[in-house]
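One structure is given here, and the rest of the page talks about it.
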Amino acid sequence: MNTVDFDAVKRYLLDLQDRICAALAAEDGQANFVEDSWQREQGGGGRTRLITNGAVFEKGGVNFSHVFGGQLPASATAVRPELAGRSFQAAGVSLVMHPNNPYVPTSHMNVRIFVAEKEGEAPVWWVGGGYDLTPYYGFEQDCIDWHQVAKATCEPFGAEVYPRYKKWCDEYFYLKHRDEARGVGGLFFDDLNEWGFERCFEFIRAVGDSYVSAYQPIVNRRKDTAFGEREKKFQCYRRGRYVEFNLVFDRGTLFGLQSGGRTESILMSLPPVVHWDYAYQPESGSAEAELYDKFLPHREWV
């Protein structure tokens, strides 16, 4: 069956948000997520959940949104002219977790569905998403474990899926103006519909459901590592790369702002404290230099 069951996806996404927030709040142990429900004048709304000043997470957001409207922004129809004149609806869960401890990596995950409809014609739809890891200090085991979960998640859908979406992630989360990767990657996919709705829905469920099992063990392993001012300063400097990517390249950020989305929720991904230090260079042989030399260059982790 290839009928798009949008309501089923929406129910799954709401439940996914609940489960992720419960798991990460338990890992933090001090702070809980605060919910901010919102409505959009153009149609739709969502619920943003934010955790701040926790024992583990300095700031983290897990956002559900379901937006719809009669017209797509020109930026979307310029790339996909077949969408012109169609109404649309999109739903997704998107999250970014910024830890307090520089030895705990930042993580990002999202899964989403998009449907554009026009009377008398078949709907145009696709799913997308993925997750990626952004360490400040590199640990081989963390990167291997992260990618092993990603690979195991993809394997039931075909041996070619993980290599394809791992490569896409490496290429997507790349700061072209810096000639530098944002982190150590993971999975990224978009415009996926060739498997049919049921299989595509199964895949985004697999990705969404595997995020906590990929990230939580790394957080638990590193969250009590001692750190000082040097590590915190480097974390804040590297967070600047996160901001640059999200504001310059990220498709979700750009679509949200261009389609009249809720700015506060769209920009929840930005870290609370960031440094831009002019012409910074890490000390040769340092742990900070190792991030650039060993972890950020694209490589096969599993």
Side-chain angles (χ1 to χ4, degrees), residues 6 9-10 13 17 34-52 59-98 106-117 124-132 134 168-169 171-178 182-183 188-191 204 239-274 276:
F6 196 94
V9 179
K10 182 177 177 179
L13 293 171
Q17 184 191 36
V34 176
E35 181 170 303
D36 178 19
S37 296
W38 51 274
Q39 297 295 319
R40 196 176 82 117
E41 286 186 11
Q42 300 93 328
R47 57 187 198 188
T48 296
R49 291 186 180 163
L50 201 68
I51 188 171
T52 56
K59 179 187 177 185
V62 183
N63 188 41
F64 165 81
S65 64
H66 172 207
V67 298
F68 49 86
Q71 291 290 333
L72 283 160
S75 57
T77 56
V79 178
R80 301 284 296 261
E82 74 273 20
L83 302 180
R86 288 176 175 261
S87 62
F88 77 95
Q89 58 177 334
V93 165
S94 180
L95 69 85
V96 176
M97 303 303 298
H98 291 292
T106 283
S107 70
H108 158 259
M109 187 280 292
N110 81 88
V111 285
R112 60 190 180 274
I113 184 170
F114 177 92
V115 180
E117 297 176 294
V124 177
W125 66 273
W126 63 80
V127 299
Y131 44 65
D132 65 288
T134 307
W168 199 348
C169 188
E171 293 171 350
Y172 180 74
F173 291 105
Y174 197 82
L175 289 88
K176 301 175 183 66
H177 61 289
R178 298 277 189 184
R182 187 172 85 170
F188 179 86
F189 62 99
D190 206 359
D191 305 321
I204 63 171
R239 282 174 172 177
R241 300 294 205 266
Y242 216 89
V243 174
E244 290 175 22
F245 181 87
N246 279 27
L247 295 184
V248 176
F249 298 112
D250 187 73
R251 292 184 185 181
T253 301
L254 297 175
F255 175 79
L257 295 175
Q258 292 165 355
S259 61
R262 184 172 185 264
T263 302
E264 285 298 311
S265 296
I266 295 164
L267 298 183
M268 71 169 190
S269 62
L270 301 183
V273 181
V274 185
W276 277 275

Task: Any Arg182 side-chain heavy atom under 4.5 Å of Asn246 side chain - done: yes
Task: Test of ring centre spacing under 6.0 Å for Tyr172 and Phe189 - done: no
Open item on the list: Just verifying a value: how many Å separate Arg49 CZ and Phe64 CZ, rounded to the nearest 0.5 Å?
Closed with: 10.5 Å
Open item on the list: Aromatic contact between Phe173 and His108, with the criterion being ring centroids under 6.0 Å apart: yes or no?
Closed with: yes
TODO: May I ask you to test the Asp250-Leu254 pair for a side-chain heavy-atom distance under 4.5 Å?
DONE: no
Task: Electrostatic pair Arg262-Asp36, nearest N-O below 4.0 angstrom - done: yes
TODO: Begin from the C-alpha positions of Phe245 and Arg178 and carry the test side chain to side chain contact (heavy atoms under 4.5 Å, CB included) through to its verdict.
DONE: CA-CA 10 Å; Phe245 181 87; Arg178 298 277 189 184; over 6 Å; no
- [ ] Ignoring hydrogens and angles, tell me if any N or O in the side chain of Lys59 forms a donor-acceptor pair with the backbone of Val96 under 3.5 Å.
- [x] no
Task: Value rounded to 0.5 Å, distance of OG in Ser269 from CG in Leu247 - done: 7.5 Å
- [ ] Could you tell me which non-hydrogen atom of Phe249 sits nearest to which non-hydrogen atom of Leu175, and how far apart they are?
- [x] CE1-CA, 4.1 Å
Open item on the list: Looking at Glu35, I want to see if its CD is surrounded by more than 12 non-hydrogen atoms of other residues, nucleotides or ligands under 6.0 Å.
Closed with: yes
- [ ] Would you give the length of the straight line joining atom CD of Gln89 to atom NZ of Lys10, rounded to the nearest 0.5 angstrom?
- [x] 8.5 Å
TODO: Indicate yes or no for a side-chain donor-acceptor contact from Gln17 to the backbone of Arg47 under 3.5 Å, with no hydrogens or angles considered.
DONE: yes
- [ ] Would you confirm whether Arg86, through its side chain, and Ala116, through its main-chain N or O, come within 3.5 Å as a donor-acceptor pair?
- [x] yes
- [ ] List the atom of Glu171, the atom of Tyr174, and the distance in Å for their closest heavy-atom pair.
- [x] O-CB, 3.5 Å
Open item on the list: Set out, in order, the CA-CA distance, both residues' side-chain angles and the distance that settles side chain to side chain contact (heavy atoms under 4.5 Å, CB included) for Val67 and Phe88, then state yes or no.
Closed with: CA-CA 8 Å; Val67 298; Phe88 77 95; 4.2 Å; yes
TODO: Anything under 30° is parallel, anything over 60° is perpendicular, the rest tilted; go ahead and classify Phe188 against Trp168.
DONE: perpendicular
Open item on the list: Once you measure the plane-to-plane angle for Phe6 and His66, does it fall in the parallel (<30°), tilted (30-60°) or perpendicular (>60°) bin?
Closed with: tilted
Open item on the list: So Val127 and Val9, do their side chains get closer than 4.5 Å, heavy atoms only?
Closed with: no
- [ ] Provide the closest heavy-atom pair for Leu50 versus Gly61 in the form atom of the first, atom of the second, distance.
- [x] CD1-CA, 3.9 Å
Task: Any side-chain heavy-atom pair of Tyr131 and Cys169 under 4.5 Å - done: no
Task: Donor-acceptor pair, side chain of Arg241 and main chain of Gly183, under 3.5 angstrom - done: no
Task: Interatomic spacing from CG in Asn110 to CG in Asp132 - rounded to 0.5 Å - done: 9.0 Å
Open item on the list: Between Glu117 and Phe68, is there a side-chain heavy-atom distance shorter than 4.5 Å?
Closed with: no
Task: Heavy-atom pair of closest approach, residues Arg239 and Val274 - done: C-CG1, 3.9 Å
- [ ] Could you grab the distance from atom CG of Asp190 to atom CZ of Phe114, nearest 0.5 Å is fine?
- [x] 10.5 Å
Task: Distance (rounded to the nearest 0.5 Å) between His98 NE2 and Ile51 CD1 - done: 13.0 Å
TODO: Looking only at non-hydrogen atoms, find the nearest pair between Met97 and Val62 and report the distance.
DONE: SD-CG2, 4.5 Å
Open item on the list: Tell me the closest heavy-atom pair linking Thr48 and Ser265, and the distance in Å.
Closed with: OG1-OG, 2.5 Å
